[in-house]
Amino acid sequence: MTKVIRNGTIVTADRTWKADVLMQHGKIVAIGSDLHGDHEFDATGCYVMPGGIDPHTHLEMPFMGTYSADDFESGTRAALSGGTTMVVDFCLPSPKQSLLEALQMWDNKTSKASCDYSFHMAITWWGKQVFDEMATVVDKGITSFKHFMAYKGALMVDDDEMYASFQRCADLGALPLVHAENGDVVAALSQKLLAAGNNGPEGHAYSRPPEVEGEATNRAIMIADMAGVPLYVVHVSCEQAHEAIRRARQKGMRVFGEPLIQHLTLDESEYFNKDWDHAARRVMSPPFRNKLHQDSLWAGLQAGSLQVVATDHCAFTTKQKRNGVGDFTKIPNGTGGLEDRLPMLWTTGVNTGRLTMNEFVAVTSTNIAKILNMYPKKGAIVEGADADIVVWDPKRKKKITSKKQQSVIDYNVFEGFEVTGLPRFVFSRGELSIEEAEVKAKPGHGEFVAREPNAAVNRALSTWKDITAPRKVERTGIPATGV
Ligand code: DUC
Ligand code: ZN
Ligand code: ZN
Ligand code: ZN
């Protein structure tokens, strides 16, 4: 059975042209004019783009004494509803847990996924077992490892562990990721704020200023450089972190930065809302920043110094958030966004002229497909690619409301926002998953995407050789010790 998308304009990361797209057995099999198939989908007035890839989700994740509310069933429905056809979730071993055992646990969560998915493996502790198991994890097609520089006493790794893990990543052709916030400083600031009676949600933002993120980003970049490995910095929220990434790239290092749609569109005033629930629902790490930081992130997407827009989708209900009444450090950190990422970025990016349509495709799909080494299976409209396609209607409008969302939580951080630009059809490996606002996604259709290691290393600098292969000086006339 063949399907064809007719009369649309194809938009990829580097081209815009009018053509039809023929799909068969989950793949794109032909691109050209006047194609026909068993089922035809009319894309008149629409853009035909690679489906979005969200490389940063936390579905059904045990965290801060609870579980994030969206699982792979509701999470992938939300993704598809907004034009995202693949998610990359984080597998989080608990302290001393085998990485392979944790991976089995995460794999067990995915049976109702309706779009494709992959994993990043978190390094939450260090030892010979972790060192050894990292190779097996890479063999299983998981070639990216996440490091939390925050969440002291829980997920956080120290610099010695991070350096050891980064070197291991370099050996394995894997990509290290960092959550860059100085966890020691966050813990100290949190205690100080609480002691002064500053226990509301705004205390969360005060405890994680941009400097905390800038310091950690710089540190991670330097450690990655010494380990000779590229680096991917998740949820870049401020100028200080962006500046560190710009500087590293300008010096020739492979460092990538990922702003979130939330940080691009929402600001710190949310935490000063009089309504406790309103503010707590927006507690995430890093917190929302002021408009100057937002401008920096937009500029980074334009200039190419930031490459990917994600969500860090980690949704908690109001009831779960209320665990932190009287102590902001107990408010589960996280916000949703899977369903809204593409419509929000199109509305605030493409419709305002800040991003071209091709840049939109690059930052929502193609760039991360390349960074994670799954291009052109994903992130491309080309013969042989997976038929993960969004047919985008630039005129379609809606007002975002939690009452009509796929996420199971009882609110939406973008509530009331009017978006212009929404999917008309979404295909996941050729399966019609969304038609207008109707969800046709099939739980269980989603498959794991295995990735190959990447040979890319950071060996541009002349000092790199000195660090990895230190020269021993043969000396004569060494003085006797202690004389
Ligand atoms: N930040 C969040 O807000 N939630 C999940 C983990 C994280 O780093
Ligand atoms: Zn014809
Ligand atoms: Zn994080
Ligand atoms: Zn995250």
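For ligands, and for the atoms within them, numbers begin at 1 and follow the listed sequence. What's counted below: heavy atoms across the whole structure, side chains too, no hydrogens, waters or symmetry copies.
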Pair Glu215 + Arg219: basic N to acidic O under 4.0 Å: yes

Can you name the atoms of ligand 1, numbered from 1 with element, that are less than 4.0 Å from a heavy atom of Met284? 3 (O)

If we number the atoms of ligand 1 from 1 as shown, the ones under 4.0 Å from a heavy atom of His235 are 8 (O)

Inspect the contact between Glu133 and Arg168 and indicate whether a charged nitrogen and a carboxylate oxygen are less than 4.0 angstrom apart. no

Checking Tyr151 against Asn333: is there a side-chain donor and acceptor pair closer than 3.5 Å? yes

Among all the protein's non-hydrogen atoms, which is closest to atom 6 (C) of ligand 1, and how far away is it? Tyr151 OH, 3.8 Å

The Zn ion (ligand 3) to His179: nearest N/O/S atom name: ND1

N or O contact, Ser285 vs ligand 1, cut-off under 3.5 Å: yes

Note: Asp388-Lys378 ion pair, threshold 4.0 Å (strictly below): yes

How large, to 10°, is the angle at the Zn ion (ligand 4) when you draw lines to OD1 on Asp312 and to NE2 on His56? 80°

Less than 4.0 angstrom from a charged side-chain N to a carboxylate O is my criterion; do Glu431 and Lys442 meet it? yes

From Met121 atom CE to Phe90 atom CZ, the distance as rounded to the nearest 0.5 Å: 12.0 Å

Decide, yes or no, whether a salt bridge links Asp132 with Lys128 under the criterion of side-chain N to carboxylate O below 4.0 Å. yes

I'd like to check which ligand 1 atoms, numbered from 1 as shown, lie under 4.0 Å from a non-hydrogen atom of Asn333. 2 (C), 3 (O), 4 (N), 5 (C)

Numbering the atoms of ligand 1 from 1, which are under 4.0 Å from a heavy atom of Asp312? 1 (N), 2 (C), 7 (C)

Taking just the N, O or S atoms of His235, which one is nearest to the Zn ion (ligand 3)? NE2

